[in-house]
Structures are given as structure tokens and as C-alpha cells.
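Reading through the C-alpha cells given below for one structure.
By convention here, the first residue in the shown sequence is residue 1. Below, each value reflects all heavy atoms present in this structure, side chains not excepted, and no hydrogens, waters or symmetry copies.
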Amino acid sequence: MDKSAEEFREAVLDVIRFLADPDEQRTFASRVTYSDYSSEFFFWWFDDFDPETSLYRAAFSETELAALKSFAATYESSDRELGQNDRSIDDLLETPAWSRLVHAARRTVEAVALQPNQSYMDSLRKSGE
């Protein structure tokens, strides 16, 4: 995998790890104020999500791409349910739709064989030991 694919992979996984971690979401919200965290986080994921591009294909295996697509479908479903409503981060985290999204993000992290707080580069270093 070339360097740009590695960096891209890490950026995508960083977003998923963030979405899998409500504590990180609260920490972020304590530093950055949005009226609609759900929409902001949605754009973080979907602004660049196009698993058919050569960069995605270079950065992820077919199995991993399937996991990413499944996560995206869950995210879209959760987003439709949430709608565009102003919510504090705590209110968002209490919704069943967001809880499903967090669990889907955790499953996606597991599908690419990473722990929620482990970076891709850390996993490469460990595999080389």
C-alpha cells in the first residue's frame, strides 16, 4: 500500500473510531460548539465516502469495503431517523438512532481488525514485531 493510501485509510478509520467512542464525542463537543452535532458528524463521514474510487480500493480490502458500505447504510438510516434537529451532544448520545450508529461504528472498527483506540499505523508496527 502506498503512502497516500495509508494516510487515507488512517483518516477514514479515525472518523469511524471517533464515531465509535461517545467519550471522544463529548470531549470534542466540550471544545467545539455546533447546534446540530449529528449533521456535522454526518458530513465528516459522507463528504469523502465513495468506496468505488481507486483510493478506497487501494486502502481497504474487499471485505473491509463491504463493512464500510454496511456502516454507511446504517448511518444513512440513523440520520433519517434523527432528522435535522438541534441537540446537545448529550441529547444526541441518548437517542436510540445514535446508539445504533455507535454500535455500527464499533462493529466496523472490529471488521478491519482494529481496536477503537488503536491506529492503523500502530497495528502495522505490532504486526511487524
Minimum side-chain heavy-atom gap Lys69-Glu52 below 4.5 Å:
yes
Carboxylate-amine/guanidinium contact Arg9 Glu64, below 4.0 Å
yes
Sorted by chain and residue number, the salt bridge (charged side-chain N to carboxylate O under 4.0 Å, His left out) partners of Asp90 (sequence neighbours excluded) come out as Arg26
For the residue pair Ala58 and Ala5, what are the closest heavy atoms and their distance?
CB-CB, 3.9 Å
Pairing residues for Ser88 by the side chain to side chain donor-acceptor pair (under 3.5 Å) criterion, not counting sequence neighbours
Asp91
Report the C-alpha separation of Phe60 and Leu55 in whole Å, then their side-chain angles, then the decisive distance to 0.1 Å, and conclude whether the side chain to side chain contact (heavy atoms under 4.5 Å, CB included) test is met.
CA-CA 9 Å; Phe60 296 96; Leu55 190 52; over 6 Å; no
Donor-acceptor pairs are to be reported for all side-chain atoms of residues 92-101 against protein atoms at under 3.5 Å, with residues two or more places apart or in another chain.
from: Thr95; atom 1: OG1; to: Leu92; atom 2: O; distance (Å): 2.8
from: Thr95; atom 1: OG1; to: Trp98; atom 2: N; distance (Å): 3.2
from: Trp98; atom 1: NE1; to: Gln25; atom 2: OE1; distance (Å): 2.8
from: Arg100; atom 1: NH2; to: Glu81; atom 2: OE1; distance (Å): 2.2
from: Arg100; atom 1: NH2; to: Glu81; atom 2: OE2; distance (Å): 3.2

Between Leu19 and Val102, does a side chain to side chain contact (heavy atoms under 4.5 Å, CB included) hold up when you go through it step by step?
CA-CA 6 Å; Leu19 294 170; Val102 167; over 6 Å; no
Is there side-chain contact between Leu13 and Phe18, with heavy atoms separated by less than 4.5 Å?
no
Side-chain heavy-atom pair Pro51, Leu65 within 4.5 angstrom cut-off:
yes
Qualifying residues under ring pair (Phe, Tyr, Trp, His ring centres under 6.0 Å), relative to Phe42, sequence neighbours excluded:
Phe46, Tyr75
Atom CG of Asp50 and atom CG of Leu68: how far apart are they, to the nearest 0.5 Å?
12.0 Å
Lys3 with Glu7: basic N within carboxylate O range, under 4.0 Å:
yes
Chi angles and distances behind the side chain to side chain contact (heavy atoms under 4.5 Å, CB included) call for Val12, Phe8
CA-CA 6 Å; Val12 170; Phe8 179 75; 3.7 Å; yes
Phe49 side chain reached by Phe71 side chain, heavy atoms, under 4.5 Å
no
Shortest non-hydrogen separation from Asp48 to Tyr56 and the atoms involved:
O-CE1, 3.3 Å
Measure the acute angle between the ring planes of Tyr37 and Tyr34, then classify it against the limits of 30° and 60° as parallel, tilted or perpendicular.
perpendicular
For Val109 versus Ala20, what's the shortest heavy-atom pair and its separation?
CG2-CB, 4.4 Å
Roughly how far apart are Thr74 OG1 and His103 NE2, rounded to 0.5 Å?
12.0 Å
For the backbone of Asp23 and the side chain of Thr27, can you confirm whether one donor and one acceptor N or O come within less than 3.5 Å of each other?
yes
Which residues pass the side chain to side chain donor-acceptor pair (under 3.5 Å) test with Glu62, not counting sequence neighbours?
Arg57
List the residues meeting side chain to side chain donor-acceptor pair (under 3.5 Å) with Ser4, not counting sequence neighbours, and say none if there are none.
Asp2
Mind listing the closest non-hydrogen atom pair of Leu82 and Ser38 along with its distance?
CD1-OG, 3.4 Å
